[in-house]
Amino acid sequence: MMSKSKIIYTLTDEAPMLATYSFLPIVKAFTATSGIEVETRDISLAGRILANFTEYLKDDQKIGDALAELGQLANTPEANIIKLPNISASIPQLYAAIAELQAHGFAVPNYPSDPATEEEKEIKAKYAKVLGSAVNPVLREGNSDRRAPKAVKNYAKANPHSMGVWSKDSKTKVVSMSHGDFYATEKSVTVENDTQFKIEFLGKDGSVKELKGLTSLKAGEIIDSSVMSLNALKGFVSAAVAEAKAAGVLLSAHLKATMMKVSDPIIFGAIVEVYFKDVFEKFADLFKQLNINPNNGLGELYSKIAGNAQESEVKAAIDAAIANGPDLAMVNSDKGITNLHVPSDVIVDASMPAMIRTSGQMWNKEGKSQDTFALIPDRSYAGVYEATIEDCKTNGALDPKTMGSVPNVGLMAQKAEEYGSHDKTFQAESAGTIRVSDAQGNVFMEQAVEAGDIFRMCQTKDAPIQDWVKLAVNRSRLSDTPAIFWLDKNRAHDREIIKKVEKYLPDYDTTGLDIQILSPVEATKLSLERIRKGLDTISVTGNVLRDYLTDLFPILEVGTSAKMLSIVPLMNGGGLFETGAGGSAPKHIEQFIEEGYLRWDSLGEFLALGASLEHLSQTQNNPKAQVLADALDVATEKFLANDKSPARKVGQIDNRGSHFYLAYYWAEALAAQTKDTELAATFAPVYEAFQSNEAKINEELIGAQGKRQEIGGYYQPNYEATSKAMRPSETLNTILDKLV
Ligand SMILES: NC(=O)C1=CN([C@@H]2O[C@H](COP(=O)(O)OP(=O)(O)OC[C@H]3O[C@@H](n4cnc5c(N)ncnc54)[C@H](OP(=O)(O)O)[C@@H]3O)[C@@H](O)[C@H]2O)C=CC1
Ligand SMILES: O=C(O)CCC(=O)C(=O)O
Ligand SMILES: [Mg+2]
């Protein structure tokens, strides 16, 4: 039976990937004592590219498609996967990763942005599978349960993070469209029986073009469609630019170009084009010649004009546009990187909370913080941020010492809602109608479009909705906390969901529970009112708000979403344990390379590992796994109480040192427990060795900081060099070696 005890630990990118070089050897050493195998699977951006282009590689360079394999595993009861954050690549990131792989001797093809031949079209289609949020939707065969564990919340109350003061006169606000957005045009239908759908474009000239061929629909599935008008969007941006300029505030755009990988780069591009209207008009021919696409941002524009005869002229025009327009919010003011440089640099789930935490301000080009207009063009969810900002203006910043919590139960399974829509999102080539119909031509929905408009269709299956309602009731019961379904009866899609929630809630015992349905704006207001009184409220939301709220509240409550417990109970019985709710913190790898200091906080990894071990113990009848999990829990609490998370600067404990302390406390708890004497005996000498060598290990770990690290790559670092950099304490390594 024990042979089945297997945990899959994913290898990803950037800071979490670096942390894995140090933490995974600890995990392997500790679990080896208990008949648990920990296997790795590479789902990094570089790994995904290689897996999709094996025919271009030498035999010894070929690797399997780990993502496809894990996607299948996620549908089986045996699945026990620890998933670290990975890069959801924008086009500029894809270019960089391809160039690095080629430099490393992997002959993967260039990305053909404008494919001319059949072969190029095929290459582009393969890269489309690698782009954007390509991993999470494949693995997430379950709904989402994210919360800050008590220990984390208590730590934040005792050691509150900084919170910028809010002024009543803050000029910061969210600006959204008033018409022509997805919100305004949404239509929604629930299909009664198993059927199929196809999507077609009908031209004004009577022509019909298939956009998506027949695809199956399951009984009870909700489908919706909506359109964002490009003209309305551009008109809106133009007015917002003028308004921001007049108000003397920064302009910033907040989108999700990673998960909404088809629609949001287009929206981003429209903002770039309107802000730099004069530049794009004046150099239209040159930009066409250089294949400059505004959707890839100002960063690409700069790199494509580099060395061109007109480079200085174009740069002067860009500078003039910035001088004439409102100042742009900066991503990195030292390096001159604006909010409009790269579509994936400002990701709304993380960027809005960071701004709300910083007095509602973003960085200007002088590196000082300033009020901003936050452009969130579509209204579907923007009101949540506006309500939060209004609340902070009226009541001041939230107080981490006393505030309550907003855990989340999110509808996510089987590519639910907008986050599964990229294969059904199209930009209209000309004016006409986009129609969704069944095989017989019976029309489900139609949308009128103009050239350039973005059409989007979403699917939400019934079984995930039932599972989500159940999860919400369970969570409310288990944590004895009121739950609110965040659903807007003014939206066609939400009205269909509300019907199902009302239908399925009576299937579960809700006696004594406080469960209600409120619009996102009302739910935000009530949750904030309660949070200020120290009260908790579960948010039960769709897929997009799951993403937004599990950064928003954690960042305000505990300083970072990295400290969240983030579980995906897979619908077929397995477990997917995500490490935190945040991203891969690209800033951190830069700091590590430059100064040998990694400030990534692995608390999310510790929490995920604990939940994974517990799941393993329950499903694989491995009692030792439970002993490991319980001891890890004790260790994590002590880790928090003793404040062993990475600090920020060279000379202090960093990610590697934090792993040592976790191992130290974990060994201590295992040596002290009495449930499994064999494990206690195994770990007693380990604990003693850590104890007597604490000073030496710290010296070795901190001594390795303060210098440039050569790890041989960003997307595909060299294994030996990175391992050496991330495991600089021989003393620690020798103690761990004895366990395996
Ligand atoms: N599950 C997944 O796979 C996810 C992947 N992503 C991907 O990650 C990349 C970067 O995303 P981005 O939105 O910029 O967000 P990140 O979460 O990577 O970074 C935002 C900020 O959050 C803080 N932070 C996040 N995690 C940690 C941690 N473990 N320890 C310490 N601080 C942390 C840091 O803020 P500070 O400086 O204030 O301390 C960091 O600079 C993108 O490619 C994105 O698509 C994003 C979200 C989830
Ligand atoms: O998959 C992604 O790109 C990001 C996921 C994310 O932000 C989340 O799930 O919270
Ligand atoms: Mg998120």
Side-chain angles (χ1 to χ4, degrees), residues 11-26 42 44-47 84-87 89 92-93 95-106 299 302-303 306 330-337 341-342 344-345 363 367 560 562 582-602 605 644-661 695-734:
L11 304 177
T12 60
D13 307 280
E14 297 181 326
M17 171 269 293
L18 289 179
T20 300
Y21 274 91
S22 158
F23 188 52
L24 190 60
I26 295 171
D42 181 356
S44 65
L45 175 58
L84 281 80
N86 61 280
I87 291 181
Q93 285 172 307
Y95 279 130
I98 293 171
E100 182 174 320
L101 287 169
Q102 290 171 342
H104 289 180
F106 295 83
Y302 277 123
S303 66
M330 303 301 283
V331 169
N332 186 330
S333 52
D334 294 342
K335 295 187 179 159
I337 298 177
H341 262 65
V342 185
S344 57
D345 260 1
W363 304 106
T560 166
S584 50
K587 281 196 290 226
H588 297 180
I589 179 167
E590 277 175 32
Q591 186 185 12
F592 182 69
I593 290 175
E594 279 160 25
E595 44 187 79
Y597 188 87
L598 184 64
R599 52 166 280 241
W600 175 259
D601 188 337
S602 286
E605 285 105 286
K644 294 300 182 193
S645 280
R648 278 175 176 251
K649 290 197 193 83
V650 172
Q652 299 168 313
I653 185 172
D654 83 348
N655 177 266
R656 298 164 291 185
S658 77
H659 293 166
F660 159 57
Y661 276 101
K696 192 165 173 221
I697 293 173
N698 268 323
E699 218 176 83
E700 289 170 354
L701 291 175
I702 293 180
Q705 298 175 4
K707 43 186 177 279
R708 204 183 153 80
Q709 304 291 307
E710 303 301 341
I711 58 170
Y714 186 96
Y715 296 98
Q716 191 199 39
N718 175 276
Y719 179 82
E720 279 75 28
T722 314
S723 200
K724 202 160 156 254
M726 285 304 299
R727 304 189 70 200
S729 167
E730 270 318 312
T731 312
L732 172 60
N733 300 347
T734 311

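Since we're looking at a predicted model, the values are computed, not measured.
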Heavy-atom closest pair, residues [X] and [Y]:
| X | Y | value |
| --- | --- | --- |
| W600 | A15 | CE3-CB, 3.6 Å |
| D13 | P16 | O-CD, 3.1 Å |
| A647 | R599 | O-CB, 3.5 Å |
| E700 | S729 | OE1-OG, 2.6 Å |
| P646 | L598 | CB-O, 4.2 Å |
| N718 | T722 | O-OG1, 2.6 Å |

> Step by step, would you call V331 with H341 a side chain to side chain contact (heavy atoms under 4.5 Å, CB included)?
Replying inline: CA-CA 9 Å; V331 169; H341 262 65; over 6 Å; no

How long is the span from the [atom1] atom in [X] to the [atom2] atom in [Y], to the nearest 0.5 Å?
| X | Y | atom1 | atom2 | result |
| --- | --- | --- | --- | --- |
| L45 | I98 | CG | CD1 | 8.5 Å |
| D654 | I702 | CG | CD1 | 8.0 Å |
| S44 | M17 | OG | CE | 7.5 Å |
| I653 | L701 | CD1 | CG | 8.5 Å |
| I26 | L732 | CD1 | CG | 5.5 Å |
| R656 | I697 | CZ | CD1 | 14.0 Å |

Would the distance check show the side chain of [X] and the main-chain N or O of [Y] forming a donor-acceptor pair, the cut-off being under 3.5 Å?
| X | Y | result |
| --- | --- | --- |
| Q716 | A97 | no |
| N733 | R727 | yes |
| T12 | P85 | yes |
| Y597 | G651 | no |
| E14 | A585 | no |

> Please, which pairs that meet ring-ring contact (aromatic ring centres under 6.0 Å, His included) have at least one residue in residues 707-731, sequence neighbours excluded?
Replying inline: Y21-Y719

Residues forming a side-chain hydrogen bond (donor to acceptor under 3.5 Å, both in side chains) with [X], sequence neighbours excluded:
| X | answer |
| --- | --- |
| E594 | none |
| S602 | E605, N655, H659 |
| E100 | none |
| N698 | Y661 |

> Who passes ring-ring contact (aromatic ring centres under 6.0 Å, His included) against F592, sequence neighbours left out?
Replying inline: none

